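Down below is the structure, laid out as structure tokens.
Given the structure is predicted, the values throughout are model-derived calculations rather than measurements.
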Amino acid sequence: MTGFLGQALLYIVPFLLVLTFIVTIHELGHFLVARAFGVKIDRFSIGFGKTIVARTDKRGTEWRLAWLPLGGYVKFAGDLDASSVPDQAGLAELRQRVVAENGAGAERDYFHFKPIWQRALIVAAGPAANFLLAIVLFTILFSVIGERIAAPRVAAVVPGSPAAEAGFLPRDKILAINGRPIQDQAEVTQTVMLSAGESLRFTVDRTGRRLDLVATPQRQLRDDELSGRVRVAQVGLALLPLREDYRFRRLNPLEAAGKGAEMIGTTVATTGTYIGRIFTGKESGDLLSGPIGIARAAGGATRQAVAADPDPGYIAANLGLTFLQFAAIVSIGIGIVNLLPIPVLDGGHLLFYGYEAVARRPVPARVQEAGYRVGLALLAGLMLFATWNDLQKLSLFKFLGGLA
């Protein structure tokens with residue numbers, strides 16, 4: 001029982017800490033911009049369900065912590081529900097009631113009666129806060145520990161693999177893929193993973209000679225300590241840089257912030273490419289993860305941080321840095337998901353506002369209501385698919401590092 005509880009704490013506690021922290025920042029983005037525009041806010045809640053503790057500030061906003069820390073919301077005055085879905089049939093009645101109770105002009109304090117550009121900024125502030133949080137966390141990481149770049153060096157070639165057929169040899173150094181210069185081995189792994197069935201031209205340095213080798217990545221099962229069992233594209237290379245392949249530099253805060261913004265751009269572009277390949281049938285979606293996958297990754301990262309060195313001080317420092325890195329990555333993911341053009345999500349609201357701005361009239365009530373129903377179904381389906389993926393990945397595994 002002790003072992004089970006220990007494992008549960010190892011996975012669940014880091015997951016809840018990271019998720020609660022990120023959700024709080026996301027909702028604070030909505031809250032702060034809404035308050036800047038004078039929107040009346042009824043409730044700021046972290047978590048759902050029964051209230052653990054709550055207090056009301058002088059502006060009448062209830063700050064609440066609920067028992068289920070798997071999300072949160074900001075409830076604006078006049079909202080039908082926590083998703084800020086307006087009651088289309090009751091908006092006119094709401095305006096009349098507000099004016100009758102508080103006088104003409106009082107409706108300007110309500111979110112749904114704000115100018116469209118203000119509503120759009122309030123909605124976009126949540127994902128923007130996630131991206132800003134990631135930049136701040138990456139800035140801290142790069143300022144404290146610097147940037148390490150490991151040039152990709154082939155340590156071994158899997159017999160019979162596409163890399164073996166292409167003629168790769170141990171100690172080959174990869175310089176470019178399809179003409180694009182490669183600086184770090186992570187770029188090789190990322191490019192290969194998103195190129196299943198597509199021929200790649202690798203430019204390598206072999207004892208001073210430049211060669212072009214062509215290999216086509218193939219999907220294979222891979223066991224990873226953080227992701228579990230997934231099917232990803234590989235060419236059959238094990239990468240392990242030599243000592244001379246490493247470069248390290250410490251960044252000043254401005255450089256670190258720029259590097260953080262660059263990582264966000266790369267992550268967004270990679271995610272967009274991956275989602276596009278899913279819709280075109282080029283990817284299976286194995287890498288999509290839900291709460292179970294995030295909890296698993298959080299637990300795996302925590303375990304690695306604890307196992308790296310037995311010294312308590314080192315463990316504490318490593319846990320802190322691991323937490324920051326993991327939180328930055330998850331924050332980017334949550335920002336991206338919320339920008340998907342699915343009604344109920346922030347991206348869906350922005351889609352409706354875009355129509356309203358072009359057509360100069362709101363989306364018809366029936367269309368909005370149908371959109372929210374479809375959006376809920378899509379979101380539920382996406383969560384079920386991601387959860388099924390997570391369950392499929394649960395297996396006995398060993399850590400395989402540096403594979404491409």
Side-chain angles (χ1 to χ4, degrees), residues 131 134 138 141-142 147-155 157-158 161-163 166 168 172-204 213-241 245-247 259-280 282-289 293-294 297 300-301 325-326 328-333 335-337 389 393 399-404:
F131 296 139
F138 280 131
L141 287 168
F142 287 125
E147 178 186 22
R148 189 186 73 168
I149 300 174
R153 178 81 65 173
V154 177
V157 182
V158 178
S161 67
F168 276 93
D172 282 350
K173 182 179 179 181
I174 299 175
L175 303 177
I177 299 179
N178 288 344
R180 183 173 64 87
I182 297 296
Q183 302 293 328
D184 188 79
Q185 73 171 32
E187 297 177 72
V188 177
T189 302
Q190 184 180 83
T191 301
V192 169
M193 287 175 60
L194 294 176
S195 303
E198 301 177 5
S199 295
L200 298 178
R201 178 170 54 87
F202 294 82
T203 301
V204 303
L213 307 175
V214 178
T216 302
Q218 298 175 351
R219 282 200 195 90
Q220 297 177 358
L221 279 176
R222 172 182 171 181
D223 288 332
D224 184 88
E225 189 169 7
L226 298 184
S227 302
R229 175 166 290 181
V230 292
R231 188 178 296 276
V232 296
Q234 297 180 344
V235 292
L237 292 175
L239 304 177
L240 184 63
D245 294 326
Y246 286 99
R247 289 191 295 115
K259 185 66 178 178
E262 178 186 328
M263 291 192 67
I264 291 175
T266 300
T267 303
V268 171
T270 301
T271 303
T273 300
Y274 181 68
I275 292 175
R277 288 175 64 85
I278 291 176
F279 280 104
T280 56
K282 296 180 179 179
E283 295 290 345
S284 62
D286 284 359
L287 298 180
L288 293 178
S289 291
I294 297 175
Q325 183 179 25
F326 189 74
I329 294 171
V330 175
S331 188
I332 295 174
I336 293 173
V337 168
N389 268 351
K393 297 172 190 175
F399 181 65
L400 301 176
L403 290 182

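- Applying the ring-ring contact (aromatic ring centres under 6.0 Å, His included) rule to F131 yields no partners; only residues at least two apart in sequence or on another chain are considered.
- Of all the heavy atoms in I174 and V188, the pair that sits closest is CD1-CG1, 4.1 Å.
- Evaluation of the salt bridge (Lys or Arg N to Asp or Glu O under 4.0 Å) rule for K259 yields E147, E262 as partners, not counting sequence neighbours.
- Taking every heavy atom of both residues into account, P217 and A215 meet most closely at CD-O, 3.7 Å.
- Counting heavy atoms from C-beta outward, V214 and L200 have side chains that stay 4.5 Å or more apart.
- Interatomic distance, CG of L175 versus CZ of F202, reported as 12.0 Å (0.5 Å rounding).
- Rounding to the nearest 0.5 Å gives a distance of 11.5 Å between CD1 of I329 and CD1 of I264.
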Item to complete: Go through the steps to decide whether D172 and V157 satisfy the test side-chain contact (heavy atoms from CB on, under 4.5 Å), and finish with yes or no.
Response: CA-CA 10 Å; D172 282 350; V157 182; over 6 Å; no

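- Taken to the nearest 0.5 Å, the CD atom of Q185 stands 12.0 Å off from the CD1 atom of I149.
- The main-chain N or O of A151 is never found under 3.5 Å from a side-chain atom of D184 such that the two would form a donor-acceptor pair.
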Discussion item. Walk me through whether Q190 and T266 qualify under side-chain contact (heavy atoms from CB on, under 4.5 Å).
Written reply: CA-CA 11 Å; Q190 184 180 83; T266 300; 4.0 Å; yes

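- In this structure, G260 and F142 approach most closely via the heavy-atom pair N-CE1, 4.3 Å.
- The list of salt bridge (Lys or Arg N to Asp or Glu O under 4.0 Å) pairs with a residue in residues 264-276, not counting sequence neighbours, is empty.
- Side-chain contact between I332 and F138: present, with at least one pair of heavy atoms (C-beta onward) separated by less than 4.5 Å.
- In this structure, CD on E187 lies 4.5 Å from CD1 on I182, to the nearest 0.5 angstrom.
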Practice prompt. Would you sort out whether V192 and L237 count as a side-chain contact (heavy atoms from CB on, under 4.5 Å), showing the intermediate values?
Written response: CA-CA 10 Å; V192 169; L237 292 175; over 6 Å; no

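- Atoms CZ and CG, from R153 and L239 in turn, are 11.0 Å apart once rounded to the nearest 0.5 Å.
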